Amino acid sequence: MSSAVASVESRVITLIADYYRKHFNDEPGKISPGHDLVADLCFDSLSVMEILVAVEEEFGINIPELLLDEISTVRNLVECIDQLLSKKDN
């Protein structure tokens with residue numbers, strides 16, 4: 001894993017953990033790239049959309065609607081962000 005991807009992953013996990021604390025008033029435990037946003041972290045569709053908006057703001061990107069169905073895990077989200085940031089830099 002490149003340092004850029006590791007940085008994105010760290011920022012995403014922090015963002016998700018902060019969201020979890022704020023909305024569930026509880027600690028999320030260890031969040032790993034393989035965690036499913038719905039099944040493992042218990043986010044509903046509105047929570048996932050709020051996280052995606054926060055990600056867009058954090059990274060200065062726009063996640064196209066056609067990619068939304070591909071984002072089910074933390075890893076999927078990190079990969080999507082990495083791809084969009086790569087396109088943004090070119």
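Remember, predicted model here, so these are calculated numbers, not experimental data.
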Colleague: Any chain of hydrophobic side-chain contacts (each under 4.5 Å) joining Phe43 to Leu46?
Modeller: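 Shared cluster, no.
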Colleague: Ring centres of Tyr19 and Phe24 under 6.0 Å apart?
Modeller: no
Colleague: Which value, rounded to the nearest 0.5 Å, describes the distance between Ser32 atom OG and Ile13 atom CD1?
Modeller: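 Here the rounded value is 7.0 Å.
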Colleague: Determine whether Ile63 and Met49 fall in the same hydrophobic cluster, where Ile, Leu, Val, Met, Phe, Trp and Tyr are linked whenever their side-chain heavy atoms lie under 4.5 Å apart.
Modeller: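 Yes, it is one cluster - the side chains of Ile63 and Met49 are joined through contacts under 4.5 Å.
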Colleague: Hey, any chance Val53 and Leu66 share a hydrophobic cluster, counting ILVMFWY side chains that come within less than 4.5 Å of each other, even indirectly?
Modeller: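 Val53 and Leu66: separate clusters.
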Colleague: If every non-hydrogen atom of Asp44 is compared with every non-hydrogen atom of Ser47, which pair is closest and at what distance?
Modeller: OD1-N, 2.8 Å
Colleague: Can you find a heavy atom in the side chain of Ile71 that is under 4.5 Å from one in the side chain of Leu37?
Modeller: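 A side-chain contact exists here, since the closest heavy-atom pair is under 4.5 Å.
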Colleague: Could you measure the distance from the CG atom of Leu77 to the OG atom of Ser72? Nearest 0.5 Å is fine.
Modeller: 10.0 Å
Colleague: Just verifying a value: how many Å separate Lys87 NZ and Ile61 CD1, rounded to the nearest 0.5 Å?
Modeller: 11.0 Å
Colleague: Distance from Glu70 atom CD to Glu79 atom CD, nearest 0.5 Å?
Modeller: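 Here the rounded value is 10.0 Å.
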Colleague: Side chain of Thr14, backbone of Ser10: donor and acceptor closer than 3.5 Å?
Modeller: yes
Colleague: Just by distance, do the side chain of Arg11 and the backbone of Glu58 share a donor-acceptor pair under 3.5 Å?
Modeller: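 Answer holds: yes.
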Colleague: Output the distance between atom CZ (Arg75) and atom CG (Asp82), rounded to the nearest 0.5 Å.
Modeller: 13.5 Å
Colleague: Can you name the nearest heavy-atom pair linking Asn62 to Leu84, along with the distance?
Modeller: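 Heavy atoms only, the tightest pair is O-CD1, 3.7 Å.
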Colleague: Is a donor on one side and an acceptor on the other found under 3.5 Å between the side chain of Asn76 and the backbone of Thr73?
Modeller: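 Present.
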Colleague: Is a donor on one side and an acceptor on the other found under 3.5 Å between the side chain of Ser7 and the backbone of Ser3?
Modeller: no
Colleague: So does Gly60 get a backbone contact from the side chain of Lys88, meaning a donor-acceptor N/O pair under 3.5 Å?
Modeller: yes
Colleague: Does any non-hydrogen side-chain atom of Phe59 lie less than 4.5 Å from one of Val8?
Modeller: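 Counting from C-beta outward, Val8 and Phe59 do come under 4.5 Å.
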Colleague: Side chains of Ser45 and Val48, heavy atoms from C-beta outward: is any pair under 4.5 Å?
Modeller: no
Colleague: Between His23 (side chain) and Tyr20 (backbone), is there a donor-acceptor pair under 3.5 Å?
Modeller: no
Colleague: Answer yes or no: is there a donor N or O on one side and an acceptor on the other, between the side chain of Glu27 and the main chain of Arg21, under 3.5 Å?
Modeller: no
Colleague: More than 12 foreign heavy atoms under 6.0 Å from CG of Asp26: is that the case here?
Modeller: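 Atom CG in Asp26 is packed in, count exceeds 12.
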Colleague: Does a side-chain heavy-atom distance below 4.5 Å link Asp36 with Leu41?
Modeller: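 They are not in contact (no side-chain heavy atoms under 4.5 Å apart), so the answer is no.
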Colleague: Taking the side chain as everything from C-beta on, heavy atoms only, tell me whether Val74 gets closer than 4.5 Å to Asp40.
Modeller: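 No; the side chains remain at least 4.5 Å from each other.
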Colleague: If you round to the nearest 0.5 Å, how far is SG of Cys80 from CG of Leu52?
Modeller: 8.0 Å
